[in-house]
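Down below is the structure, laid out as structure tokens.
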Amino acid sequence: MPLHPITAIPDQLAWIPGSQALGDVSLFQGEETIHVKILSDRRSEGGGMAQIVRFSPPSGMLIKIVANARSDEHIYILSGGHGDKSGRQRLFPGVYLLHPQGLAHGAFLAIETTVFQVYSGEPDELLDYQVLPISG
């Protein structure tokens, strides 16, 4: 099979509403809380996928995510960051995370956060996605 480069210009890609992949769980009072730009998807060829994900928690709320890594997941925080359930920011832009295949993991997002995410194969199995009041 010949190899070909994949080129994507994120500014020219439309944001895809999270509800297209996750269903109503990603909606809060009818508003999207997650959007995605798929940069590449080679899963049908035995590869992985890369995407930019933007989480937008409503004011005074945070997004709680619990997932299981079905393949190695690489995350690079572009803006915003992960926090704790009180809304206090714990991870910042420029932080890199690796969730190895099989790892159960989670995140709290209390501010708009954009990440670059790469899966070596299949994306995470989503176990829980909630929009909750900040408990600070």
Side-chain angles (χ1 to χ4, degrees):
M1 174 169 66
L3 299 177
H4 300 284
I6 296 172
T7 302
I9 302 172
D11 288 344
Q12 295 178 2
L13 298 174
W15 286 105
I16 300 168
S19 60
Q20 284 188 10
L22 303 176
D24 289 348
V25 70
S26 67
L27 298 173
F28 180 76
Q29 296 180 350
E31 297 293 320
E32 296 285 346
T33 60
I34 183 172
H35 289 84
V36 178
K37 289 186 180 194
I38 297 173
L39 303 174
S40 64
D41 187 348
R42 297 185 55 246
R43 292 176 294 161
S44 65
E45 303 164 30
M49 63 182 298
Q51 57 191 9
I52 296 172
V53 183
R54 183 180 68 212
F55 300 93
S56 302
S59 179
M61 308 295 278
L62 59 79
I63 297 170
K64 173 187 174 187
I65 302 168
V66 180
N68 187 51
R70 293 191 293 180
S71 67
D72 286 355
E73 175 190 23
H74 304 266
I75 299 171
Y76 184 77
I77 300 173
L78 299 170
S79 67
H82 298 188
D84 60 23
K85 60 184 172 182
S86 71
R88 188 173 351 158
Q89 192 170 350
R90 299 284 189 191
L91 300 178
F92 298 85
V95 169
Y96 164 79
L97 302 160
L98 169 62
H99 298 139
Q101 182 175 353
L103 179 71
H105 59 281
F108 291 104
L109 304 149
I111 59 175
E112 185 166 276
T113 299
T114 303
V115 300
F116 173 63
Q117 188 176 52
V118 176
Y119 294 103
S120 62
E122 290 299 317
D124 286 353
E125 172 191 13
L126 184 63
L127 302 174
D128 190 20
Y129 187 100
Q130 296 181 55
V131 179
L132 305 168
I134 293 174
S135 64

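No hydrogens, no waters, no symmetry mates; every other heavy atom, side chains included, goes into these values.
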Whichever hydrophobic residues join M49 through chains of side-chain contacts under 4.5 Å: Y119
With F108 via side-chain contact (heavy atoms from CB on, under 4.5 Å) - residues at least two apart: L62, K64, K85
Residues which pass side-chain contact (heavy atoms from CB on, under 4.5 Å) with Y76, listed by chain and number, not counting sequence neighbours: L78, Y96, F116
Taking the side chain from K37 and the backbone from I52, do they hold a donor-acceptor pair closer than 3.5 Å? no
Identify, with sequence neighbours excluded, every residue that meets side-chain contact (heavy atoms from CB on, under 4.5 Å) alongside P100. D72, L98, L103
List the atom pairs, with distances to 0.1 Å, where a side-chain N or O of residues 14-22 and a protein N or O form a donor-acceptor pair under 3.5 Å, not counting sequence neighbours.
from : atom 1 : to  : atom 2 : distance (Å)
S19  : OG     : E32 : OE1    : 3.4
S19  : OG     : E32 : OE2    : 2.4

Write out all pairs satisfying salt bridge (charged side-chain N to carboxylate O under 4.0 Å, His left out) with one or both partners inside residues 98-125, taking only residues at least two apart or from two chains. R43-E122
The remaining residues in the hydrophobic cluster of I111, counting side-chain heavy-atom contacts under 4.5 Å among Ile, Leu, Val, Met, Phe, Trp and Tyr, are none
Connected-component partners of F92 among ILVMFWY, side-chain separation under 4.5 Å: none
Hey, could you give me each pair passing salt bridge (charged side-chain N to carboxylate O under 4.0 Å, His left out) that has a residue in residues 47-59? Not counting sequence neighbours. none
Same apolar cluster (I L V M F W Y, side chains within < 4.5 Å links), V131/I65: yes
What residues, two or more places apart in sequence or in another chain, satisfy side-chain contact (heavy atoms from CB on, under 4.5 Å) together with I6? S40, R42
Which pairs count as salt bridge (charged side-chain N to carboxylate O under 4.0 Å, His left out) when at least one residue sits in residues 11-25, sequence neighbours excluded? none
Residues clustering with L127 (ILVMFWY side chains joined when closer than 4.5 Å, directly or via others): V66
